[in-house]
Amino acid sequence: MSGDGSRSDRHWPGGGQTNWRPVAAKDVRDAIRSRTILLLTLLFAALFVGTAAIAIVGGDEPFGAFLDVGVPVVVFLVPVVAFGVAYKAILNERRTRTIVLALSLPHSRWDMVVGTLVGRALVLSLPIVAGLAVAGALVATVGGAPGQLANLLLFAIPTLLYAYAFLGFALGLSSSTASSRRVTLAAIGSWVVFVSFWRQLVSVLVMLLFRFRAEAYDSLPDWAVLLQLLSPTEAYLFLLDGLEAFSAGGVADMDAPPWFATRFLAVTILLAWIVVPVLLGYRRFRRVEI
């Protein structure tokens, strides 16, 4: 099948009538049959319930302690799970040639990408929501902290956006190449950069540009603050800062952050991480030979 594909594939990002829902439904059914959802539910239930148990035992303010213990784990673990769910989603279809059968049905390549994104997002969402619901109930009942539903939602919604950001990035990688090695290396590299070392990389860049003068250590220039917030991890932590006295550090702890450092910008950045990599990946995917 040529890169032109069907008539709908010749439009950007997809013309005519879309048909992504069957693709998303198939993804969810496959996850149920392979017990992926069950395994992820057990993983996140263990993570959040374990965190809630530590918070209940160790603090007078269980939900605040829950954030202090749970957020660092979420920051490191959720991207790994999101990558694992999506980084070979389209790639494996191409390598096994099952995509030829899928595209022979009334699906365009755009349907394949969007349906996969929605399906994998559901596969990831259900375990996270289930784990948080159980942990929230535990904190409310055993921890003696009822009335935390609003705080739980203020934690759950950014956490889901954070998961979707890495899901979108992984799916964009999967759509853009047929090389398993490239996708794997890019996934590992992006995790290291955006999760572990982004703040340090921005600080080093500022010091290099200021040639290690004293002003480089006093405060970040506005452009560096924006650069720091462009990481999905930093945007996520910015959204959580101040929730039940949780301190995220970074931009959120600046005495006088720039005017643009707002929660609206952080949400916009996370949404961009979901959408932009998918569009870029689709742009390459629609042109390749299948």
Participant: On a heavy-atom basis, which atom in V69 and which in V73 lie closest, and how many Å separate them?
Facilitator: O-CG2, 3.5 Å
Participant: Just wondering, more than 12 heavy atoms not from R181 lying within 6.0 Å of its CZ?
Facilitator: no
Participant: Please check if the number of heavy atoms outside F260 that lie under 6.0 Å from its CZ is greater than 12.
Facilitator: yes
Participant: Treat each ILVMFWY residue as a node, draw an edge where side-chain heavy atoms are under 4.5 Å apart, and state whether L39 and L126 are in one component.
Facilitator: no
Participant: Once side chain to side chain donor-acceptor pair (under 3.5 Å) is applied, do any residues pair with Y87, and if so which ones, sequence neighbours excluded?
Facilitator: none
Participant: Out of curiosity, D111 CG to T116 OG1, how far, rounded to the nearest 0.5 Å?
Facilitator: 10.0 Å
Participant: So do the side chains of S196 and F76 get within less than 4.5 Å of each other, counting heavy atoms only?
Facilitator: yes
Participant: Can you name the ring-ring contact (aromatic ring centres under 6.0 Å, His included) partners of F246, sequence neighbours left out?
Facilitator: none
Participant: Would you list the atom pairs, donor with acceptor, under 3.5 Å between side chains in residues 127-140 and any protein atom, with sequence neighbours excluded?
Facilitator:
none

Participant: Could you walk me through whether L160 and S125 pass side-chain contact (heavy atoms from CB on, under 4.5 Å), step by step?
Facilitator: CA-CA 7 Å; L160 288 173; S125 300; 4.1 Å; yes
Participant: Is F197 linked to F194 within one hydrophobic cluster, defined over Ile, Leu, Val, Met, Phe, Trp and Tyr using a side-chain heavy-atom separation of less than 4.5 Å?
Facilitator: yes
Participant: Does the plane of the ring in F285 sit parallel, tilted or perpendicular to the ring in Y282? Use 30° and 60° as the thresholds.
Facilitator: perpendicular
Participant: If we check ring pair (Phe, Tyr, Trp, His ring centres under 6.0 Å) with Y162, which of these qualifies: F238, Y236, F155?
Facilitator: Y236
Participant: Does any N or O in the side chain of S176 come within less than 3.5 Å of the main-chain N or O of R284, such that one atom is a donor and the other an acceptor?
Facilitator: no
Participant: Under a 4.5 Å side-chain heavy-atom rule over Ile, Leu, Val, Met, Phe, Trp and Tyr, are L122 and L38 clustered together?
Facilitator: no
Participant: Report yes if some heavy atom in the side chain of L270 is under 4.5 Å from a heavy atom in the side chain of Y164; otherwise report no.
Facilitator: no
Participant: W198 side chain to T233 main-chain N or O, any donor-acceptor pair under 3.5 Å?
Facilitator: no
Participant: Output all residues satisfying ring-ring contact (aromatic ring centres under 6.0 Å, His included) with F169, sequence neighbours left out; order by chain, then residue number.
Facilitator: W273
Participant: Any side-chain heavy atom of W110 within less than 4.5 Å of one from V114?
Facilitator: yes
Participant: Drop me the distance from L227's CG to L205's CG, to the nearest 0.5 angstrom.
Facilitator: 6.5 Å
Participant: Which pair of non-hydrogen atoms, one from A163 and one from A82, has the smallest distance, and what is that distance?
Facilitator: O-CB, 3.6 Å
Participant: Under 4.5 Å between side-chain heavy atoms, hopping through other hydrophobics if needed: is there a path connecting V183 to L185?
Facilitator: no
Participant: With sequence neighbours left out, what residues match T51 under side chain to side chain donor-acceptor pair (under 3.5 Å)?
Facilitator: none
Participant: Check for a donor-acceptor pair, side chain of S190 on one end and backbone N or O of A187 on the other, with a separation under 3.5 Å.
Facilitator: yes
Participant: May I have all residue pairs that pass salt bridge (Lys or Arg N to Asp or Glu O under 4.0 Å) and include part of residues 225-236, sequence neighbours excluded?
Facilitator: R199-E234
Participant: Return the CG to CG distance between L67 and D241, rounded to the nearest 0.5 Å.
Facilitator: 11.0 Å
Participant: Show your reasoning for whether side-chain contact (heavy atoms from CB on, under 4.5 Å) applies to L47 and L43.
Facilitator: CA-CA 6 Å; L47 165 64; L43 171 66; 5.6 Å; no
Participant: Taking the side chain as everything from C-beta on, heavy atoms only, tell me whether F166 gets closer than 4.5 Å to L171.
Facilitator: no
Participant: Distance check, rounded to the nearest 0.5 Å: S247 atom OG versus D68 atom CG?
Facilitator: 8.5 Å
Participant: Which heavy atom of P277 sits nearest a heavy atom of A272, and at what distance?
Facilitator: CD-O, 3.4 Å
Participant: Could you give the distance from CD (Q200) to CD (Q228), rounded to the nearest 0.5 Å?
Facilitator: 9.0 Å
Participant: Using a 3.5 Å distance criterion without hydrogens, assess whether the side chain of R120 forms a donor-acceptor pair with backbone atoms of A86.
Facilitator: no
Participant: Side chains of L226 and D222, heavy atoms from C-beta outward: is any pair under 4.5 Å?
Facilitator: no
Participant: Is there a side-chain contact between I269 and L230, using heavy atoms and a 4.5 Å cut-off?
Facilitator: yes
Participant: Please lay out, stage by stage, how L279 and V276 fare under the test side-chain contact (heavy atoms from CB on, under 4.5 Å).
Facilitator: CA-CA 5 Å; L279 291 177; V276 174; 5.7 Å; no
Participant: Could you measure the distance from the CG atom of L239 to the OG1 atom of T262? Nearest 0.5 Å is fine.
Facilitator: 9.5 Å
Participant: Could you check if a side-chain atom of N151 sits within less than 4.5 angstrom of a side-chain atom of L154, using non-hydrogen atoms only?
Facilitator: yes
Participant: Identify the heavy atoms of A224 and V202 that sit nearest to each other, and give their distance.
Facilitator: O-CG1, 3.7 Å
Participant: Assess whether side-chain contact (heavy atoms from CB on, under 4.5 Å) is satisfied between V74 and F48, documenting all intermediate values.
Facilitator: CA-CA 9 Å; V74 168; F48 290 128; 3.7 Å; yes
Participant: Identify the two heavy atoms, one from A261 and one from P257, that lie closest to each other, and give their separation to 0.1 Å.
Facilitator: CB-CB, 4.1 Å
Participant: Mind checking whether L237 and V71 have side chains closer than 4.5 Å, heavy atoms only?
Facilitator: yes
Participant: Do L42 and I37 belong together in a cluster built from hydrophobic side chains that touch within less than 4.5 Å?
Facilitator: no
